[in-house]
Protein chains: 2
Amino acid sequence: MEAPIRLVYFEDNKALREGMSFLFQATPGFALLGAFENCKNLKETIAAWQPDVVLMDIDMPGLSGIQAVPIVKALSPATQVLMLTVVDDADAIFQAIRNGASGYLLKNTSPADILTAIRDIHRGGSPMTPSVARKVLLHFQQPKPGGEDYGLSTREMEILRGLVKGNSFKGMADELSISVETVRTHVRHIYEKLQVNSKTEAVLKALREGLTR
Amino acid sequence: MEAPIRLVYFEDNKALREGMSFLFQATPGFALLGAFENCKNLKETIAAWQPDVVLMDIDMPGLSGIQAVPIVKALSPATQVLMLTVVDDADAIFQAIRNGASGYLLKNTSPADILTAIRDIHRGGSPMTPSVARKVLLHFQQPKPGGEDYGLSTREMEILRGLVKGNSFKGMADELSISVETVRTHVRHIYEKLQVNSKTEAVLKALREGLTR
DNA sequence: CTTTCTCTCACCCGTTTGGAGTATTGACTA
DNA sequence: TAGTCAATACTCCAAACGGGTGAGAGAAAG
């Protein structure tokens, strides 16, 4: 038998907190260290217990769940934070994730699935409600909304990729076995097409708009 | 009663394909339009049927599932593609996502959960196996894996942020109301600390390691 | 068979950067 | 109080870059 998952739970709704607490206590494999209605004693609690998993409601009076995440991660880096909320808001999701949360569930998730999610997160997974996951994915694939094509030629793309790697004109000239002057010409054409006027700007634009893929 | 989910299934393993096909046919709410062992007739199939959801195995002979995704999305943008695979490989995941896949399940997922995932994806969610989701999240919060500090001073950080915005030395000098020479001095100190030797390299390093946050 | 595009190379000119020093001031620290 | 460091500024030099102009060879398109 494995060691139980040492859990701390933050939830301001009393009924829900007590209900879930009962569930955690009744389920083998879980050790509920504490259930709190706010983050008042957050630091002391986390620092002292170093729990495996923190189940954190987002909407709480006082310190919000999102603000609490970085504090938890700072005091106990190994602790996995699972956010639980009713608000399916993109900004909140990303802030929580950037702050170090490892999972994100909406409150319509069934108690059984929450138990499963806690086991998942403890095993190194990142349980996410599908609608939340979709928002995350969109930030990955949308980098090209206007997806403009600037009409760069093959050679120009090659040069641009070189710039993005941080190469100098001379370096690329050698690499491509052409004259530095030729590289400069290509670069000037690239600048015109991208409407920039320096290496750095070209690199930034290329990176931001994913031109090098 | 709602319209059934119109589904197309690609899977090279015959036993698995037939088993899942039976399940789809037996489950109310699902309409299996076709199940194929490879992507030979991918274009015709997708173009003609415009399915709601495509369940796509990644490891297939011939055209791989990953290569198939962009084709599906091109021919039928509204179709949601759910990847199904044994390989829990980060690169494969990101390629599939960038190509337009909306969900990603490992093959150890139970048939019941696959059915749920298909309903989720059809409702606009992005079902993801927790271990896959973790890989995705890491790319968001990765900012500090080696999280080096480099010990940049306040002023140096300010200058670095300027570089990342594409400013020239002169531009920053004006902005900060200091001499260009001073900017140059700061920049040289930044180069030493970051161990680079050009503006572009500094910008790239700053971006990659999230130093400007 | 011209026109257009891409890739190639060259020269000029002025500005911006990189590299290496030196130096003054003020603030913090041992 | 002496030492360290950040921030400021300057000088000299050489390399790299940005902008302008021109031009030849080959391929693709009209």
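A donor-acceptor pair under 3.5 Å is formed between the side chain of B/R17 and the backbone N or O of B/E11.
Partners of A/E37 according to the side-chain hydrogen bond (donor to acceptor under 3.5 Å, both in side chains) rule, which considers only residues two or more places apart in sequence or in another chain, do not exist here. Residues passing the salt bridge (charged side-chain N to carboxylate O under 4.0 Å, His left out) test with B/R184 are B/E181, sequence neighbours excluded. Residues that satisfy the side-chain hydrogen bond (donor to acceptor under 3.5 Å, both in side chains) test with A/T200, not counting sequence neighbours, are absent from this structure. Under the side-chain hydrogen bond (donor to acceptor under 3.5 Å, both in side chains) criterion, A/E156 pairs with A/S153, A/K193, sequence neighbours left out. With sequence neighbours left out, the ring-ring contact (aromatic ring centres under 6.0 Å, His included) criterion links B/F36 to B/F10. Partners of A/E192 by salt bridge (charged side-chain N to carboxylate O under 4.0 Å, His left out), not counting sequence neighbours: none found.
The residue B/T182 sits close to a base: some heavy atom pair falls under 4.0 Å. Within the nucleic acid shown, B/H189 has no heavy atom closer than 4.0 Å to any nucleic acid atom.
For the pair A/K193 NZ and C/dC5 C1', the computed distance is 9 Å after rounding to whole Å. As rounded to whole Å, 15 Å separates atom C1' of C/dT15 from atom CE of B/M172. A/I190 places its CD1 atom 11 Å from the P atom of D/dG18, with the value rounded to the nearest Å. The distance from atom CD of A/E156 to atom P of C/dT6 is 7 Å, rounded to the nearest whole Å. C/dC9 atom C1' lies 13 Å from atom CZ of A/R155, rounded to whole Å. If you measure from atom CD1 of B/I178 to atom C1' of D/dC10, you get 14 Å, rounded to the nearest angstrom.
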Next on the checklist: What does the B/S/- profile of nucleotides 16-30 of chain C look like, 5' to 3', with a 4.0 Å heavy-atom cutoff to protein?
Outcome noted: SBBBBB---------

Next on the checklist: Walk along nucleotides 24-30 of chain D from 5' to 3' and tag each nucleotide B, S or - by protein heavy-atom contact under 4.0 Å, base first, then sugar-phosphate.
Outcome noted: -------

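Sequence neighbours left out, the pairs with a member in residues 54-65 of chain A that pass salt bridge (charged side-chain N to carboxylate O under 4.0 Å, His left out) are A/D57-A/K107. Residue pairs that meet the salt bridge (charged side-chain N to carboxylate O under 4.0 Å, His left out) test with at least one member in residues 119-135 of chain B, sequence neighbours left out, are B/D88-B/K135, B/D120-B/R123.
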Considering only distance and modelled atom types, tabulate donor-acceptor pairs under 3.5 Å from the side chains of residues 39-46 of chain B, sequence neighbours left out.
from	atom 1	to	atom 2	distance (Å)
B/T45	OG1	B/N41	O	2.5

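Distances shorter than 4.0 Å separate some side-chain N or O of B/S179 from OP1 or OP2 on D/dC10.
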Next on the checklist: What verdict does the side-chain contact (heavy atoms from CB on, under 4.5 Å) test give for B/L55 and B/I114, after you've listed the backbone C-alpha separation in whole Å, the side-chain angles of each residue and the deciding distance to 0.1 Å?
Outcome noted: CA-CA 10 Å; B/L55 228 193; B/I114 291 181; 4.2 Å; yes

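When the C1' atoms of four end pairs are superposed on the next four at each end of the helix from C/dC1-D/dG30 to C/dA30-D/dT1, using five pairs per end, the two resulting axes differ in direction by 50°, to 10°.
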